[in-house]
Amino acid sequence: MTAQQDHRRRLLMDRSVPGRVGAILPSLDVPAQELPDGQLLRSDLDLPEVTEPEVVRYFTNLSQLNFSIDTHFYPLGSCTMKYNPKINDEVASLPGFAGIHPLQPDYQVQGALEIMHHVQDYLVEITGMAASSLAPLAGAQGELCGILMIQKYHQERGDSHRLKMLIPDSAHGTNPASAAMAGYHVVSIPTDSEGNCDLKALKKEATSDLAGMMITLPSTLGLFDQHIVEVCRLIHEAGGLAYADGANMNALLGQVKMGHLGFDVMHLNLHKTFSTPHGGGGPGAGPVCVQPSLQPYLPAPVVERRSYNGKESYTLVTPEKTIGKVSASHGNFGVLVRAYTYIRTLGNVGLRQVSENAVLNANYLLTHLKDRYHLPFDRPCMHEVVLSADWQKGKGVNGLETAKRLLDYGFHAPTMYFPLTVDEALLIEPTETESKETLDLFIEAMKAIDQEATETPDLVKGAPHTTPVRRLDEARAARQPDLRWQRKAEEDANS
Amino acid sequence: MTAQQDHRRRLLMDRSVPGRVGAILPSLDVPAQELPDGQLLRSDLDLPEVTEPEVVRYFTNLSQLNFSIDTHFYPLGSCTMKYNPKINDEVASLPGFAGIHPLQPDYQVQGALEIMHHVQDYLVEITGMAASSLAPLAGAQGELCGILMIQKYHQERGDSHRLKMLIPDSAHGTNPASAAMAGYHVVSIPTDSEGNCDLKALKKEATSDLAGMMITLPSTLGLFDQHIVEVCRLIHEAGGLAYADGANMNALLGQVKMGHLGFDVMHLNLHKTFSTPHGGGGPGAGPVCVQPSLQPYLPAPVVERRSYNGKESYTLVTPEKTIGKVSASHGNFGVLVRAYTYIRTLGNVGLRQVSENAVLNANYLLTHLKDRYHLPFDRPCMHEVVLSADWQKGKGVNGLETAKRLLDYGFHAPTMYFPLTVDEALLIEPTETESKETLDLFIEAMKAIDQEATETPDLVKGAPHTTPVRRLDEARAARQPDLRWQRKAEEDANS
Amino acid sequence: MQTTSDNAFQSHYMPNTPQERAEMLRVLGLDSVEDLFADIPQEYRNPALSIPPPMSELELKAELEALAKTNHDTKSYASFLGAGVYNHFIPSLVSPLINRGEFLTSYTPYQAEASQGTLQVAYEFQTMVCNLMGMEVANDGMYEGASSLAEAALMACRITGRGDICVLDTVSPTYRQVVETYARPQGLQVHVLEARNPHLPEGAACLLAQYPNYFGYLEDLASHKVATHERDALLVVSTDPIATGMFRPPGDYGADIVTGEGQGMGVPMSFGGPYVGLFATRSEYIRQMPGRIVGKTVDTDGKTGYVLTLQTREQHIRRERATSNICTSQALLALAATITLATLGKRGLRQVAELCYHKAHYAASLISRVTGYSLPLKGTFFKEMVVKCPTSPTVINERLLESSIIGGLDISHIMPDCMLLCVTEMNTRQEIEALVGALSEFSR
Amino acid sequence: MQTTSDNAFQSHYMPNTPQERAEMLRVLGLDSVEDLFADIPQEYRNPALSIPPPMSELELKAELEALAKTNHDTKSYASFLGAGVYNHFIPSLVSPLINRGEFLTSYTPYQAEASQGTLQVAYEFQTMVCNLMGMEVANDGMYEGASSLAEAALMACRITGRGDICVLDTVSPTYRQVVETYARPQGLQVHVLEARNPHLPEGAACLLAQYPNYFGYLEDLASHKVATHERDALLVVSTDPIATGMFRPPGDYGADIVTGEGQGMGVPMSFGGPYVGLFATRSEYIRQMPGRIVGKTVDTDGKTGYVLTLQTREQHIRRERATSNICTSQALLALAATITLATLGKRGLRQVAELCYHKAHYAASLISRVTGYSLPLKGTFFKEMVVKCPTSPTVINERLLESSIIGGLDISHIMPDCMLLCVTEMNTRQEIEALVGALSEFSR
Ligand SMILES: Cc1ncc(COP(=O)(O)O)c(C=O)c1O
Ligand SMILES: Cc1ncc(COP(=O)(O)O)c(C=O)c1O
């Protein structure tokens, strides 16, 4: 039995049998040409030799080892694991979209450019900003672009001494990392007891060397900062610019526009809010939206609509003072098509319902769970709720174990130990596409685990019990890195 | 935990929540028209009300409860569970194939007709027959067509008294069932001790009321009848026609042509030999191929190539003395496209290798297993091997239990209790697309189960242990048929 | 490069390499694979096989794409062709779900414990078919609509022990042909009756009706039921499941067996197949029903599960006494229909039906105002109607094609100069008006 | 029918019905969902949202299909455009496998026990990238080729503690721009060196080369390695993985970091993305590597399993001291590449590379015989070459389009009247000859 199961997970190179093929290629239909000097050619290449049936069976079996949105409730906080509509993938793979080259002249790809232009416009409308660029390939790259715009803005104004970037302590790791990549000195701003930005600390740091501040709204605590307008004002007063990390826009669609609150620049995570399947870790898209002041700095390219002899056409242009290009092409076009399809499907009315339901679902969980799990900030949350397993820790069961135990109940775990500022954090984001029945089952499971923590703590500590593998030894993986298949010595001798 | 698992299998009607929708339809873009008399309209319709995400998650989870070729070795005898190439499905779904209507005039669908014409030709070439019709929708319907052709042939010759159809006792159930549907009196012919048709019995039944005989070649015992030419001769001598059930052609592709052996008519199972995915029980396609004598009787339509003003074109025609139509259209076109793709991909050389490898793989199993499982006919088999669990039965473990236990080892079970003539039969068909490693693992499992039958028979008798459900109560299902979801009484009262 | 000489060709579908074949033959104690075919008389072995050599996926796909483009399909043409096969909306999620390997590449669920996915889907399908049709039991699907009707006629003859099958002249001519093919060999007689006033002969087994009928109009099932009851015969109705989204189902009128073509529910037209036949009846007749049936039961732990049931009706058990010879059916298409109905749901199916109704009637109202065109039939139609044209519909259709329109079916052989026109939710107002515009060119 | 008034609209993506919302609000003790947004200052609440109303799938799909058709794609045109993005063969099995919900709709495998599928694929991918590149360690993928090269430059600066990045003038101009974008803010200097004879300044951190280079020719990595070694700098090579199917990999020449664009291995061109960046290096540098890394380990029962490892390099742990800010990457495309390489295998990848080579050289030999055309560059090229034309390539390309050909890239701004032409295994002899025929019309 184990033999068969082990067999299913055997690596491709271990399955490889000399002489097997997985594809038939066309024979050469032109006269064979002279090959170059043999010195330039490689002698061997270690790739698997397997058949097509084996490839299909191997990857199909592997896929079943995953939890996913299509199979499980996946309340991974900060990740917006919502349903990914199948129509989005279908249209993105139309030959007219999937089969065009990024370097074709504009006149050959007007349909593609038109979609990009609409997406730019929709994002501008949704964020209340003035302009956008779809170039960044993920949220983190959007952040980098945003910060580089801030940087170039200051530089062009001769304000090159502004080297400090403020970032709340609850921020996602990409924020400080992006700021650092742009060469900024990162200063952390604490969260106050209400879960808002600590205004005192902010005032202290809002000095003349301030370049700006990156604020996630709602914050990664799932809270809408009650003084956000004041925060932006303070930053501006100090001569800095306010950056909004819009990865959590799922909470705010149609409820409020970032541009109205005082932000100068922001990015969106299309793969989250606008529902591109997360693909096991990408692709994403992280468009940036800006106020007029920053428009000339947008990353290249952007799409412009032109009227010529009464005919409309679309063309790619490089913004005047662009911070440059961040990839070889124009952005993750396939993701943009999905976002376009999603926005059109839901429309103005549907987008507003997204945030309403996402926030309602999160608060429903909050209300039902706060008796059993410590709620660090006892006020209504936005689209996600941060709980703490510190009460459970008192019984000897920590947050990680609580999370792993959820896997046994058939739920993906929440985000663990993030935000870093909350002990034993469990960040739970149900999203709007989950039903009340599912939420009720999840609540039941969370309560059952709490009870297990009291009655049978070892059951929880040993979790998970029902997954394809049990708890994995991460320390060993880091201590003795084994990062790729390698031919065993004796095989080498024979080969 | 169970709550969540049960939840996953809850039926759609139990998930239904009033007001939920799974699709947005367009609004009416024409003036609303007067509705007919309300008497004609239905007042209510019990269909589920669920969202698109729920549909996706429900069916995705259900799918994972299946064993399949894409996930498991599936040696279900007589079913040719071989790998189904993904290109076949891709081309069958091209808009030019999936988006055409069967009643479009010929000139609008020349590409489709061309493919059908090629398939007709290829099947004729592969079987050594004179003509074919692609109309039958599965093997059984092909059989019915074949028999109806035999019937009409006799009738047209004034031979209407021929009312007897001979069928070997090992035949697939569809053979006698098809013969009976055509109004024939079915007489069973026994198998001799070598696994061939019992010639003595045949001679006795080859009387003047003989319409014909249906012979599966290789037989469902996985054996090539060593006297097949003699058998056909005897049938002809008695004035009957010889029908070949070609569902097992996977053994013979390129090795021998049925038409050469003396058969007058046959059907093929495209979904088996020519690799259409079996879809949980269809679709299939069961084209019939005939000698010139039967060509006028072919089921309608067939495709003809015509030359007109030097231009080739294809057209659907009704054979002169056709037995008629067996479906509203032209056959399972989507399956024909797959068969065409499969034949072109493998080509002459590849098709021959199919039968070679299929037969080699089956004999490899035979050789390894015959010490541990009773081999009723001890000679080389063709593409499948019939074993018996009667030795195991002696130890208290029957064929069904042996088969169920294989599920625990991660293999689909062989066909059980068929052919009916072999006690505790296990009909094992590995197919050519399985690797030696897989066969070795299967052999190991079969041997282990034999050992378990001796050492821990209860383990085998209680199998399966690891499937989503344990052994199901079939008797109860038949005794108290519960064949559809029904609203519970109290719900009814509320609704 | 790949060559096609026999020995050199290593297929990507088959793992055995020459080395492995040799190794396996060694185990068998044989020299060559040839030896395994020794039972085939030598003179017939290894015949020439005039099939083209192997072809790469890349080339073959290009060739097939080119061939597919020569067909005139609904992505490039507005279509008004129906007559039993319909261009209906297929939700995007259907294809990725039915193409999941676990559904796609499994087979008839003989091993219930390893096939709960397929089995539970079947139970859902049976439920939906019952609910659509207003019937008590349904099977897991048949080949397609016409042969389902034929099998229903055979079933009615078995139940009544009679041999006369009556069929209305408003039933699709093709369906009638298929009934003939199935009935004749058993010595059953098929009588065609006028739908206006069907007189069933004494001893008739059944009356076959189509609802809506071939011409698109609702059949008067209530009075047909009276007529069949008078003869103690069974009323068999072939129906369009989409129509049952808004119209009273045949079961409401007392039909005894209801069949149908399931293609409209999530299955592409694909030039005629694969589709899925629907089949439902009353509980009392279940043991005479053809086809696979799935039932609910429990496992040894008391857990709910599903199994094939009442198999003693089927060929693999009952052989020549089976209720039908059907074995491989159309399970994958039944899955597509189940997913489509789940997605459309209660409200969506009604919406689809109503869209068809309003659009078809809108088209009818416009066309009947064009000089030279008229609607010769009276009564309530659903999404199809007969249009009398000023000239041959075939000639008109050739012209329509130039305007990227696939016209209706020429039924001149039944009703002179008439076209059977179909309008579904897939036809936009613009398409309808373009059709009417193009038709006007022939007005006189 | 669906209306779009706020209250009536019930989305098919969201389960909560008005009744359920009311019920949930009751649990929360609130009157309205509005109350949950009370933290948003009143004056900014509920802004007007000028986005079109909801749209049905049927209509939207029709609209998008029409829009898609306005683009000139490779199903309708023969394409000779490359320059970093290539039209390569994608096996049919890739799409159904990567579109399996379990792969498609999962996320970064933070919960290893519930993500073994994704994790094992990553390990396979890392193995393949190492083998292709001839390197010791690889990560699980980056955004795409250009930013991978940029991140490699940053990594080289971190390793060497130096701030001068040298890049050859034969590296793609776009890639060089992206390196600039990433390097400048950190105060790093980018120097462009002549590839023929690169003189690295003292204290240079690294030399960035492309192999084959932007113009399609093999770079002399052996001598570049010598030049970088002399300066104790790192050799960073951006490569085309398909080229490594036949040519010696950068690792063989002693490259320290190798990056690349993985698009050619099973990922459609999709107007620029999503693609997947490749990134490999020597073991000793692993802790400076950006991106996700998966390692093999065991579970509590001793069973093999895979986990994210060496995460202390990453932003979610190390924050501003991370080796990169990358978080969401391009895992799905890495999966596509893994499946494609598994399918092509050892033999197939070489075949693809050789088909490209022979066809490109065949095209080159024909074109260089056409009057007015020549190949100005010398050396060994793989599948791309620079063609000097008798007139503006942009003008030529407009004409080619009429013959259903998408021509090469106009690089006149770098080399006057020159076109960068690409030929892959997807181009048939007929296409190549049609191209040459059309080009001849401009010959002088
Ligand atoms: C709040 C927040 N900001 C930024 C990011 C980074 O986005 P990406 O992963 O697309 O780079 C994330 C993603 O997890 C996030 O949750
Ligand atoms: C030998 C044999 N004959 C006939 C058939 C009937 O074919 P089908 O199931 O396509 O109707 C089968 C199918 O299992 C078979 O194995």
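Numbered from 1 within each chain, the chains take letters A, B, ... in sequence-line order.
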**Q** Considering only heavy atoms, which portion of Leu81(C) lies under 4.5 Å from any heavy atom of chain B: side chain, backbone, both, or neither?
**A** both
**Q** Can you tell me which portion of Thr415(B) sits under 4.5 Å from chain C's heavy atoms? Options are side chain, backbone, both or neither.
**A**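 Nothing of Thr415(B), per the 4.5 Å heavy-atom cut-off to chain C.
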**Q** What part of Glu52(B) gets within 4.5 angstrom of chain C, counting heavy atoms only: side chain, backbone, both, or neither?
**A** both
**Q** Does any heavy atom of chain C fall under 4.5 Å from the side chain of Leu35(B), the backbone, both, or neither of them?
**A** both
**Q** Sequence neighbours excluded, which residues qualify as salt bridge (Lys or Arg N to Asp or Glu O under 4.0 Å) partners of Glu432(B)?
**A**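 For Glu432(B), the residues satisfying salt bridge (Lys or Arg N to Asp or Glu O under 4.0 Å) (neighbours in sequence not counted) are Lys82(B).
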**Q** Is the Tyr44(C) ring parallel, tilted or perpendicular to the His260(B) ring (thresholds 30°, 60°)?
**A** tilted
**Q** Side chain, backbone, both or neither: which part of Ile317(C) has a non-hydrogen atom closer than 4.5 Å to chain B?
**A**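 For Ile317(C), there is no contact with chain B at all, as no heavy atom is under 4.5 Å.
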**Q** Is chain B contacted by the side chain of Pro47(C), its backbone, both, or neither, given a heavy-atom distance below 4.5 Å?
**A** both
**Q** Given a strict heavy-atom distance threshold of 4.5 Å, which part of Arg379(B) is in contact with chain C: side chain, backbone, both, or neither?
**A** side chain
**Q** Is Asp29(B) salt-bridged to Lys359(C), going by a charged N under 4.0 Å from an acidic O?
**A** yes
**Q** Pick one of side chain, backbone, both or neither for Ile98(C), based on which atoms fall under 4.5 Å of a heavy atom in chain B.
**A** neither
**Q** Select one option (side chain, backbone, both, neither) describing which atoms of Val298(C) are under 4.5 Å from chain B's heavy atoms.
**A** both
**Q** What residues form a salt bridge (Lys or Arg N to Asp or Glu O under 4.0 Å) with Asp37(B), not counting sequence neighbours?
**A** none
**Q** Using non-hydrogen atoms only, which part of Ala478(B) is less than 4.5 Å away from chain C: side chain, backbone, both, or neither?
**A**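 Both backbone and side chain of Ala478(B) come within 4.5 Å of chain C.
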